[in-house]
Number of protein chains: 2
Amino acid sequence: MVKKTTIYDIAENLGLTAATVSRALNNNPKISEKTRKLVQKTALLMNYEQNTLAKALKSGKSYNVGVIVPRIDSNFFASVIRGIEEELYPKGYHVIICQTHDQEEQEIGNINSLLSAQVDGILMSITNAQTKSNIFESISKKNVPLIFFDRKKDIANVSSITIDDFDGAYQATKHLIKQGYKRIAHLSNDRRLEIFKNRFLGYKQAILDSGLEYDESLIIETHSKVLAGRASTKRLLSLENPPDAIFSTSDFSALGAIQEIKSQGLRIPEDISVVGFSNEPFTRFMELSITSVDQSPIEMGRKAALVFLEEVDKSLKTKKAQQIVLQPELIIRKSSLKTNL
Amino acid sequence: MVKKTTIYDIAENLGLTAATVSRALNNNPKISEKTRKLVQKTALLMNYEQNTLAKALKSGKSYNVGVIVPRIDSNFFASVIRGIEEELYPKGYHVIICQTHDQEEQEIGNINSLLSAQVDGILMSITNAQTKSNIFESISKKNVPLIFFDRKKDIANVSSITIDDFDGAYQATKHLIKQGYKRIAHLSNDRRLEIFKNRFLGYKQAILDSGLEYDESLIIETHSKVLAGRASTKRLLSLENPPDAIFSTSDFSALGAIQEIKSQGLRIPEDISVVGFSNEPFTRFMELSITSVDQSPIEMGRKAALVFLEEVDKSLKTKKAQQIVLQPELIIRKSSLKTNL
DNA sequence: TTGTACGCGTTATCAC
DNA sequence: GTGATAACGCGTACAA
């Protein structure tokens, strides 16, 4: 290992003191312009690089933040992370990404290892509605800012950035109704998670507001997976009185729905219409492009990062948790556009 | 901020010395079983947590490794990362993920900030063939293990984990030839990157070995994007003597190819056949599933992590760079399976 | 404006 | 087996 130059080396070299060097390097005001220039020049010359570990130890900050998501191989989460990075990198922070793969133990394990890695904050989208709240509270107690995005949990003093899932679902369902569909099914997901509950409620409200019959047999709780969506759709299609449209809480299950519908020889959107949620890129690239609800993930990530930056240097007392809600946008494509054909 | 308990607190509490506490906590052999138990119990009682920053400062290790990839929202890279995590987490390492978004400046910037964050190693898939080698050499010089996966560069003393891209391409092309296709086009990519060069060479060799005509006009250099693939395919189809099959170096451009082919009213695979590369999940889920080459990304990630673990504690002198090559697997699906119809 | 001295929390080296 | 002490590299009161 090549010995790294420290401020001591520079000091020695210049006949100064490490303290002076430190000050010069940090642009401390009470230092003569002359020594500042001199120090900075020699620092460059000697290939000096600040030891972030020492700085971290001293300041108590690691300049690392943890981001926990269910998975990174979805465009939505990848984009949120990108938004976070865009705000945080320029401020000198690094992002440690952890995946839970939708497993509670992983979620807890990730939180613990991030805390023991002394991250300055944790930005996360929760995996499981059942995860005991006390693990989250323990984060707050350590005065490590905790910020939820997308999948949140109501916890005192914890900020969150979400979209208006109710409204997104409402818009999507209304759009189907306007197209003339009357029996609209809903592929839901674990409704103990707020996002799925709210999407369900938005769907339901749109149905009721339009004077359509709200039929519980048309609601199926499934997973955000292609195969799960396909299986659930099979059940829907085998109903005595099957739906003429499906609003899915996930693009992945929407894709499964489309597969099943096609395999049964039905036409989309003539016989049955499909709308997804998240605006994953594949919805645009399918031969039969899928109508979906955009969640502006990059924006969500940026906002989450900004809230973190606000909170990071405040004490627990002075900070005010904020609940930011972004507006979703319905992107209409072929899978639901009857009039276009 | 709640004051954290340190080994001093424990020592004081027990009338011992910090050194003893440290030893007890680290299971140092020369410590009595009695004090060990006692210390560990009180540590638990006092909610002691080791300060990783201090440990890092002392040991010179951060227990962070950097992973740099072009992007994380592709299943391939996400899976490699997963493989890396699976090996490294149990060893106490954390993974800092950086994206280059295929931009050289980002690549350099990421490397520098990872180095200044004092990561213990960098695992990366390079973005740009042109990136000056000296930045990579500067990593090695600092005795920070550098390991390439997938997209590598030949640099002395740097290990790499790749698949046999030549063979993957060879298999894919041979498969098309066996199906009876005679004019096989190739959607390539920047061939200054080894993976794309090797895939091209594998394709070419398969053509030559089969006694088919090698026609340069059937080779197009494009990008791993749907729209780029589509545009390139348009050019191919407008040739005087258009191809009857396309082997794409990317699943994304293969998808674009399929879109273009369909939009021109041609049938797949009857009129023209398509094979991709990477085995992205969507290739399986399309109504017209896409034949592709699997790169066993999780395995690749695990291997990369293992090589890192081997190298991390060795000095520059004693370590031997290894070039590990994994075997790709051709996954045959509808987009190329003529005989099945 | 600069130097002195100390603390951040841990571990390693030397004594006893 | 345990204690005392130094060292990792930095930043910062306090003194000068």
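In what follows, chains carry the letters A, B, and so on, assigned in the order in which the sequence lines appear, proteins first and then strands, with residues in each chain numbered from 1.
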Q: Consider only side-chain N and O atoms of A:Gln118 and B:Asn51, and report whether a donor and an acceptor are under 3.5 Å apart.
A: yes
Q: Identify the 5'-most and 3'-most nucleotides of DNA chain D with at least one atom closer than 4.0 Å to a non-hydrogen atom of chain A.
A: D:dG9 to D:dA13
Q: Suppose we screen for salt bridge (charged side-chain N to carboxylate O under 4.0 Å, His left out). Which residues come up paired with A:Arg302, at least two apart in sequence or across chains?
A: A:Glu86, A:Glu87
Q: For residues 9-22 of chain A, run the donor-acceptor check on the side chains, cut-off 3.5 Å, and write out each pair with its distance to 0.1 Å, sequence neighbours left out.
A:
residue	atom	partner	partner atom	Å
A:Asp9	OD2	A:Thr6	N	2.8
A:Ser22	OG	A:Asn26	ND2	3.4

Q: Suppose we screen for side chain to side chain donor-acceptor pair (under 3.5 Å). Which residues come up paired with B:Glu49, at least two apart in sequence or across chains?
A: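 Counting only residues at least two positions away or on another chain, B:Glu49 forms a side chain to side chain donor-acceptor pair (under 3.5 Å) with A:Lys142.
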Q: For B:Lys58 and for A:Ser22, find the nucleotide of DNA chain D with the closest heavy atom, then tell me which residue's nucleotide is more 5'.
A: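 Its nucleotide being nearer the 5' end, the pick is B:Lys58.
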Q: Who passes salt bridge (charged side-chain N to carboxylate O under 4.0 Å, His left out) against A:Glu107, sequence neighbours left out?
A: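 For A:Glu107 there are no salt bridge (charged side-chain N to carboxylate O under 4.0 Å, His left out) partners, ignoring immediate neighbours.
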Q: Do A:Phe308 and A:Leu123 come close enough that some side-chain heavy atom pair is under 4.5 Å?
A: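 A:Phe308 vs A:Leu123: side chains touch.
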Q: I need the B:Ile81 CD1 to A:Ile97 CD1 distance, nearest 0.5 Å.
A: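 Those atoms lie 7.0 Å apart.
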Q: Checking A:Thr127 against A:Gln103: is there a side-chain donor and acceptor pair closer than 3.5 Å?
A: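 Distance-only check fails for A:Gln103 and A:Thr127.
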Q: From the 5' end of DNA chain C to its 3' end, which nucleotides mark the outer limits of contact with chain B, defined by a 4.0 Å heavy-atom distance cut-off (strictly under)?
A: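 First and last nucleotides in contact are C:dG9 to C:dT13.
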Q: Indicate yes or no: at least one non-hydrogen side-chain atom of A:Val69 is less than 4.5 angstrom from one of A:Thr100.
A: no
Q: Using the test side chain to side chain donor-acceptor pair (under 3.5 Å), find all partners of B:Glu299 that sit at least two apart in sequence or belong to another chain.
A: B:Lys303
Q: Quick one: list whatever passes side chain to side chain donor-acceptor pair (under 3.5 Å) with A:Thr162, sequence neighbours left out.
A: none
Q: Determine to 10° how strongly the helix from C:dT1-D:dA16 to C:dC16-D:dG1 is bent, judged from the axes of its five-pair ends.
A: 40°
Q: I need the residues from residues 7-21 of chain A with at least one non-hydrogen atom less than 4.0 Å from DNA chain D; give them sorted by number, or say none.
A: A:Ile7, A:Tyr8, A:Ala19
Q: Is a side-chain donor or acceptor of A:Glu194 paired with a backbone partner of A:Arg151 at a separation under 3.5 angstrom?
A: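 No; zero donor-acceptor contacts below 3.5 Å.
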Q: So do the side chains of B:Val158 and B:Phe148 get within less than 4.5 Å of each other, counting heavy atoms only?
A: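 With C-beta onward as the side chain, the pair touches.
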Q: Mind listing the residues from residues 23-36 of chain A sitting with a heavy atom below 4.0 Å of DNA chain C? Number order is fine.
A: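 A:Arg23, A:Lys30, A:Ile31, A:Ser32, A:Thr35 - these, ordered by number, are the residues of the stretch whose heavy atoms sit under 4.0 Å from the strand.
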Q: Can you list every pair that meets salt bridge (charged side-chain N to carboxylate O under 4.0 Å, His left out) and has a residue in residues 52-69 of chain B, with sequence neighbours left out?
A: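 Every salt bridge (charged side-chain N to carboxylate O under 4.0 Å, His left out) pair that includes a residue of residues 52-69 of chain B, provided the two are not neighbours, is B:Lys61-B:Asp313.
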Q: Under 3.5 Å, is there a donor-acceptor pair between the side chain of A:Ser160 and the main chain of A:Lys152?
A: no
